[in-house]
Amino acid sequence: MKKSITLSIVFICLNILSIFSQSIIKEGDDLSPKDFLKERVFVHFNSSFLVSGENLYYKIYCLNAKTNSLSNHSKIAYVELINANKQTVFKHKISLKLGQGKGDFFINASIPSGNYKLIAYTQWMRNEGISTFFKNDITVINPYRANKTINAKPSNSSDSLENSSQVTKENKHEKSQNTPNKSEFLELALNKQSFHKREKAILNLQSLKGKMSYGDYSISVRHMDTIDIPERWNSNTFISQNHLNTISKDSISFLPELRGALISGKVLLKKNNMPISNIKVGLSIPGKNFTFKIATTNESGTFYFNVDKAYESLDAIVQVVHSERDAYKIELNNHKSPDYRDLTFNDFRLTSSLKDLILKKSISNQIENAYYTIKSDSLEALELASPLYKSKEKKYFLEDYTRFKTLRETITEVVDAVYMLQKKGAYTFHVKFYNGIINTNLLPLVLIDGVLIQNHNDIISYNAKNVKSIGVVRSKYVYGGQLFMGIISIETLTGNYNHASNESYIKQVKLDNPQVPKRYFKQEYKNKLNLSRIPDFRSQLLWHPDFSMDTDEQQISFYTSDNSGDYEICVEGFTHNGNPVSLKHFISVINE
């Protein structure tokens, strides 16, 4: 990696947004550390105190570390929850669009009580070390699971979660002094301060500087518990603590994921382990909407695949595309997780006097989860891959024809655009072009559910009853710089063809899917009669991670629940010019 990296790095060093092609930076290139663009990740999350049965909601802002404006460089961010034993509770891969992403995690009953760290970063940030990662303490209470690390304090002690880190008591009068509902750019106001249960509240955001206030924000409305809990970073304090570490060319071990998830590796000669340049490598992610890509190795034998579309399968196949592929082997780059050994966690002690509070929250969570199907979130539509050649193919749906036993018989009897040749017991498929048969040593691109088939003998006897359709492109086609004499694309009924192989030129890759974005549930009481018998013990009245301020005044409504008490309204985000905005407001829900 010290000898060469892709032109993606040149793109970052020079801030040229229009360059996406790959080439090489060599050891003698004159690049100053100051030229390297740096990123930072800020996370707005709903609470640093969670009880089993609740959800941790979060919004990611990936920023240019110098300007604080949203960065469009990294397309993937990583969010982890780490326990005091330095173990990962969850690790989410989050797709970023224009520097923003979102996700959530359900705190289930298997997670023990204790102090945790919420951590977020991009692959590019790993070159600077974990000191630049976003890190925030989170406390979890699990009333269903005994934990020996929890020591009850004397019953006469004050209500608290004892934690030597910086904590904040959720007191609306104290907090209103520190985080006002008005900043230089926005003002936050409510139609009133006190509400009845299940009443509509109207939140108004007013621009104080016209278009200079326009930006991207996230909004949380959550019940407050008057206990000491770990303090959350807000966008203002995060920016004020931001620092830049030096990145040198020689210290780069992680490439930025500029267009999506990055899959990389090397092609080596089997006989001497020497890296080989200018070799084609194919990536297949099977599925009904499959991904297929071809890359070329660079001078160090390294190949890169940017997966910029959503994919359905967790299994991918990487293989050398070459007539003498048996002479090569593939070694994949498997980056280890960040080293969290130096993280410090504070002692966790739970006061016995918090029993009533935890019991109340636990009961409320159980009731809410019992009605989850009525109040569930919905998944956003994914932008799935679709090969460009699909519009050019002639498609044969096998249900329209007499079914034959094998793929060989089906090609012969049904697919008139394809013929087969046999030489020394080896079969090959060929495409009949519209202008006649072209004699050439080149073969067509043959895919089953997106899996590249180079040895056609492997599928001659494949059970055709498993095949849904066969598509044929009857012209030359260039894919990733490789010329193919047509395309034969076979789709199975299940869409998950598995090409098992022990050959060194082909590797199976386990993928980690990005989280599917959600549209989060928003309670409505327009028709109260329909919902009058359904309990409502929400502590999270609103989670709106995708609020875009693009007019001088905007309103958002939400409904209160049957949970009385004080609620915190928190707005976090950044203007388009990179100015941080952090607002808070407090309301009360009274017993009727």
Side-chain angles (χ1 to χ4, degrees), residues 1-15 19-20 22-41 62-66 71 73-80 82 86 88 91-94 96 119-135 243-268 273 275 277 281 283 295 297-307 318 330-343 507 509-512 514:
M1 193 63 70
K2 290 184 179 180
K3 289 185 178 180
S4 62
I5 55 177
T6 64
L7 186 56
S8 303
I9 303 302
V10 176
F11 164 78
I12 287 186
C13 300
L14 302 179
N15 290 324
I19 298 177
F20 286 94
Q22 292 184 345
S23 103
I24 304 298
I25 295 177
K26 297 179 181 176
E27 233 175 302
D29 291 345
D30 183 19
L31 295 175
S32 169
K34 65 182 177 59
D35 293 324
F36 287 91
L37 181 144
K38 300 178 180 68
E39 291 179 325
R40 291 294 176 267
V41 168
C62 184
L63 308 171
N64 181 317
K66 289 187 177 180
S71 170
H73 292 87
S74 289
K75 298 301 186 296
I76 298 289
Y78 298 86
V79 177
E80 299 188 52
I82 307 297
K86 319 299 173 64
T88 300
K91 181 177 181 178
H92 289 172
K93 179 187 288 187
I94 303 297
L96 298 176
I119 295 177
Y121 57 92
T122 64
Q123 286 284 31
W124 182 238
M125 289 171 60
R126 293 187 65 178
N127 294 300
E128 297 180 76
I130 68 169
S131 64
T132 61
F133 291 8
F134 176 90
K135 296 183 285 289
H243 65 280
L244 301 177
N245 290 350
T246 299
I247 300 179
S248 67
K249 181 163 68 75
D250 288 341
S251 70
I252 293 174
S253 298
F254 302 92
L255 294 180
E257 295 175 297
L258 293 171
R259 285 176 282 175
L262 193 65
I263 299 173
S264 63
K266 283 192 174 186
V267 175
L268 308 172
N273 282 332
S277 64
V281 181
L283 168 70
T297 59
N298 61 21
E299 289 181 356
S300 65
T302 304
F303 60 85
Y304 301 96
F305 290 104
N306 276 293
V307 184
V318 179
I330 289 178
E331 289 185 353
L332 294 171
N333 291 334
N334 295 313
H335 291 305
K336 295 181 180 179
S337 296
D339 186 352
Y340 295 128
R341 286 179 296 179
D342 293 334
L343 286 180
K507 291 287 185 182
V509 183
K510 280 293 181 183
L511 300 176
D512 181 17

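Predicted model only: the values in this text are computed from it and were never measured. Side chains included, hydrogens not; waters and symmetry mates left out as well; all remaining heavy atoms used.
- Remark: Ile252 CD1 to Glu128 CD distance equals 10.5 Å, nearest 0.5 Å.
- Formation of a donor-acceptor pair under 3.5 Å by the Glu257 side chain with backbone atoms of Leu262 is found in this model.
- Legend: residues meeting ring-ring contact (aromatic ring centres under 6.0 Å, His included) with Tyr121, ordered by chain and number and at least two apart, are Tyr78, Phe133.
- Between Thr132 and Met125, the closest heavy-atom pair is O-CE, 3.2 Å.
- Side-chain atoms of Ile119 and Leu343, non-hydrogen and from C-beta on, do get closer than 4.5 Å to each other.
- A distance-only check finds no donor-acceptor pair linking the side chain of Lys266 to the backbone of Thr302 [under 3.5 Å].
- To the nearest 0.5 Å, atoms CG (Asn333) and CZ (Phe254) are separated by 10.5 Å.
- The closest donor-acceptor contact from the side chain of Lys75 to the backbone of His73 lies under 3.5 Å.
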Note to self: Could you go through Ile76 and Gln123, starting from their C-alpha distance and side-chain angles, then the distance that decides it, and tell me whether this counts as side chain to side chain contact (heavy atoms under 4.5 Å, CB included)?
What the structure shows: CA-CA 8 Å; Ile76 298 289; Gln123 286 284 31; over 6 Å; no
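- For the atom pair NZ of Lys510 and CG of Leu332, the computed distance is 13.5 Å after rounding to the nearest 0.5 Å.
- How far CG of Asp339 is from CD1 of Ile130: 7.0 Å, rounded to the nearest 0.5 Å.
- Asn127 contributes a side-chain N or O that, together with a main-chain N or O of Ser253, makes up a donor-acceptor pair within less than 3.5 Å.
- Of all non-hydrogen atoms in Asn64 and Ser71, the two that sit nearest each other are N-CB, 3.7 Å.
- Applying the side chain to side chain donor-acceptor pair (under 3.5 Å) rule to Ser337 yields no partners; only residues at least two apart in sequence or on another chain are considered.
- At least one donor-acceptor pair under 3.5 Å links the side chain of Glu39 to the backbone N or O of Ser74.
- A 4.5 Å side-chain heavy-atom check between Leu283 and Phe303 finds every atom pair outside the cut-off.
- Closest heavy-atom contact between Lys507 and Ile330: CE-O, 2.9 Å.
- A donor-acceptor pair under 3.5 Å is absent between the side-chain atoms of Lys38 and the main chain of Ala65, judged by distance alone.
- Minimum heavy-atom separation, Pro256 to Trp124: CD-CE3, 3.5 Å.
- Between Tyr304 atom OH and Arg259 atom CZ the span is 12.5 Å, to the nearest 0.5 Å.
- Considering every non-hydrogen atom in both Phe305 and Val318, the closest pair reads CE1-CG1, 4.4 Å.
- Counting non-hydrogen atoms of neighbouring residues, nucleotides and ligands closer than 6.0 angstrom, the CG atom of Asp342 reaches no more than 12 such neighbours.
- Ile263 is listed as a side-chain neighbour of Leu511, based on a closest heavy-atom distance under 4.5 Å.
- In this structure, the separation between CG on Asn306 and OG on Ser264 is 10.0 Å, given to the nearest 0.5 Å.
- A donor-acceptor pair is defined here as one N or O able to donate and one able to accept, closer than 3.5 Å; such a pair exists between the side chain of Lys86 and the backbone of Arg341.
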